[in-house]
Amino acid sequence: MKFRLIQQHIFYLKIIIHLSALVPLVWFFYLGFNDQLGADPVKEILHFTGISAFNLLLLSLLVSPVAKHFKQSILIKVRRLLGLYAFVYALAHFLSYILFELQLAWQLLISEIIKRPYITVGFSAFLILTLLACTSTMWAQRKLGRKWQTLHNFVYLAGVLIALHYIWSVKSDILQPAVYWGLLLFLLFFRKEKFRQLVKKYKKRLA
Amino acid sequence: SPLSFSKASDCTTDETLTPQDKITSHNNFYEFGTAKSDPKENAQSFNVNPWTLSVEGLVEKPLTLDYDDLSKLFTLEERIYRLRCVEAWSMVIPWIGFSLAALIKRAKPLSSAKYVAFETLYDPKQMPGQKSRFVGGGIDYPYVESLRIDEALHPLSMMAVGLYGETLPPQNGAPIRLVVPWKYGFKSIKSIVKIKLTDKQPPTTWNRLASNEYGFYANVNPDVSHPRWSQASERRITSGGLFNQNRIPTLPFNGYEEVSDLYKNMDLRRYF
C-alpha cells in the first residue's frame, strides 16, 4: 500500500511546526531576561534567532523538492507557515540587535547598515522576508496575480544574502557558515531549471 | 586554589566588577574551541603543573621558571583592569599577578632588544583546537603575540596568575598569561611557555590571519573601526539579563591615557 499524506496529516504537521517554532523562541527570551543565557545573553539571543531564521528558511525551501520527489503535493501547504516563522525569527533577530546590542542607538544603526557589508546584506534579506511575509496571504496572492510569483522568487536572493551575512559575521571559524552555504546551494540546485528559465526570460526582455 | 597577594592601590576602580562566573564562562581561547562557552567546557582537564616558562633571546641571563616560580618568584598584587575585546564587549576583572617589567628585567635585556615575543603552549593532545582546524577556527598554532619593548616594560603590562583571589582557571589562560589593558583582548596571550626578546618585529597570530582587520598594535581606539563593526562603543558585561545590558562609549587606550606617550608622533590610524 502506498503512503499518501492527507489533510489531517498536514493539520498535525502544522501543529508540530507551531510548537517547535514558538516554544524555543519564548523559552530563549525567558532565559535571556533572567540572565540564564551565559555571560553574554545578547550574543546568545542574536545567534539563536539568526541561525533559527536561516534553518526555517532552508526548511521552507526543502518543501517543494520533497513534495515533488515523494509525490506528496499536499505537503506544499506547510511551506508558507515555515516561511512565516523564518520571518518571525528574523524579526526577533533584528529587534534584538536594535534593542539589546545597539540599545536604541539609532544613529549607530543607520551607520552600521550603510557602512558594514555584512549588516547591509543582512538588513536587505530582512527587508525581502518582510515583503514576502506581508504578501503571503491568499488575498495578496490573488491581487498580485502573476507578479506574486516574481516577487516570491526573491526568497532565493534572501537565502544567498543571509548566507553571506553569516559567513561575513564570523572572525575566522567559517566551518559552520560554509556548511550552510552547502545546504543552500544544494537546495538551489533543485531549482536550476527554474533559474535557467528566468535567465532566458530576462535575456529576451533585454533583446 | 587561593593565592596570597596585596592590593595595588593605584589599580582599583569604582566600576562594577564583572561577576566571576561570567569571566570564567565567556572566553576566546580557540585552542579549546571557537564558541565562547567552549573553553570552559573543554579545558577542565588541562594540566598546568609541571609547567615551564622560558625568557630567552636578547637577554644576558636567560631564565626558566617552573610552576611554583610563577606565583612565588615575584610579589603578587591584585589589579583591577578593564578588558576590552575587539568584538566590542568588555569586562572589569580583578587580576592577580606581577609586572611584566619585573620578569623581563630579571633576565637583563640587552640594549639590542626591541620587541618581546610571546608564545602559548603547543600541545594538541591537550588542546583540541590545535589538533583539528575545524575546532580551532583555522588558526596556525601555536598562538603568538608580541609587544614593543617599551610597551612590555610599561608598569601597566602585567603577567597574571590569578583572578578573583584564586589561581587562573584553565579557560582564562592558566597558569600564566599576559594582560595589557590598553590593547584589545587578543593581545593578552594565554598559557605562555616562551617569552623571547628580539630585534625584529615578530609575527602575531590575528595580524597574520587578517592583517586588514587586526594590526600589530591593536590599541583600543574608538576612532578606528574594525572593517566590519564600529569600535566607538562597547557592551559592558556585568550581571543581569537582556534588559540590564550596558552600552558605553569606548575610550582611547581603553581609558589608560598614561600610555599615550608610548605613541607620540605615531599615526594611530595607520598603525592600528
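Chain A is the first sequence line, chain B the second, and so forth, proteins listed ahead of strands; every chain is numbered from 1.
- Annotation: maximal heavy-atom pairing with chain B below 4.5 Å, among A:Glu44, A:Glu101, A:Lys115, occurs at A:Glu101.
- Both the backbone and the side chain of A:Phe33 come within contact range of chain B, with heavy atoms under 4.5 Å apart.
- Minimum heavy-atom separation, A:Gln72 to A:Phe3: NE2-O, 3.1 Å.
- Partners of B:Glu151 under the side-chain hydrogen bond (donor to acceptor under 3.5 Å, both in side chains) rule, at least two apart in sequence or in another chain, are B:Lys183, B:Tyr263.
- No hydrogens or angles considered: nothing links the side chains of B:Thr250 and B:Gln231 as a donor-acceptor pair under 3.5 Å.
- When the shell of 6.0 Å around CG of A:Leu109 is examined, it contains more than 12 heavy atoms from other residues, nucleotides or ligands.
- For the set B:Val86, B:Asn246, B:Thr238, the entry with the most heavy-atom pairs within less than 4.5 Å of chain A is B:Asn246.
- In this structure, B:Arg79 is not positioned above the aromatic face of B:Phe5 in the sense of NZ or CZ being under 6.0 Å from the six-membered ring centre and within 45° of the axis.
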Derivation and outcome, ring-ring contact (aromatic ring centres under 6.0 Å, His included), residues B:Phe118 and B:Tyr143: CA-CA 8 Å; B:Phe118 302 84; B:Tyr143 194 95; over 10 Å; no
Hey, mind stepping through A:Asp173 and B:Arg133 against salt bridge (Lys or Arg N to Asp or Glu O under 4.0 Å) and telling me if it holds? CA-CA 9 Å; A:Asp173 41 333; B:Arg133 293 186 71 77; over 6 Å; no
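- By the 4.0 Å N-to-carboxylate-O rule, B:Arg82 lies too far from B:Glu234 to be salt-bridged with it.
- Neither the backbone nor the side chain of A:Gln36 comes within contact range of chain B; no heavy atom of the residue lies under 4.5 Å from a heavy atom of that chain.
- Looking at B:Arg235, only its side chain comes within 4.5 Å of chain A, counting heavy atoms on both sides.
- Listed in order of number, the residues of residues 18-34 of chain B that approach chain A to under 4.5 Å between heavy atoms are B:Lys22, B:Ser25, B:His26, B:Asn28, B:Tyr30, B:Thr34.
- Checked by atom type and distance alone, the side chain of B:Gln130 never pairs as donor or acceptor with a backbone atom of B:Pro142 at under 3.5 Å.
- Across A:Ala125 and A:Ala158, no two heavy atoms sit closer than the pair CB-O, 4.0 Å.
- For a heavy-atom cut-off of 4.5 Å, chain A lies close to B:Tyr214 in residues 211-222 of chain B.
- For A:Ser169, the part sitting under 4.5 Å from any heavy atom of chain B is the backbone (N, CA, C, O) and nothing else.
- Ring centroids of A:Tyr85 and A:His18 are separated by less than 6.0 Å, placing the two rings close together.
- Proximity to chain B (any heavy atom under 4.5 Å) is shown, for A:Leu31, by neither the backbone nor the side chain.
- Options A:Leu37, A:Asn34, A:Asp40 differ in how many heavy-atom pairs under 4.5 Å they form with chain B, and the most are formed by A:Asp40.
- With a threshold of 4.5 angstrom between heavy atoms, B:Val135 does not approach chain A through any atom at all.
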Evaluate the side-chain contact (heavy atoms from CB on, under 4.5 Å) criterion for residues B:Val180 and B:Leu156: first the C-alpha distance (whole Å), next the side-chain angles of each, then the deciding distance (0.1 Å), finally the verdict. CA-CA 7 Å; B:Val180 195; B:Leu156 281 176; over 6 Å; no
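- For the pair B:Gly129 and B:Tyr141, the tightest heavy-atom approach, listed with the atom from each and the gap, is O-CE1, 3.4 Å.
- Every residue two or more places apart in sequence or in another chain was checked for a side-chain hydrogen bond (donor to acceptor under 3.5 Å, both in side chains) with A:Gln8, and none qualifies.
- Both the backbone and the side chain of B:Ser230 come within contact range of chain A, with heavy atoms under 4.5 Å apart.
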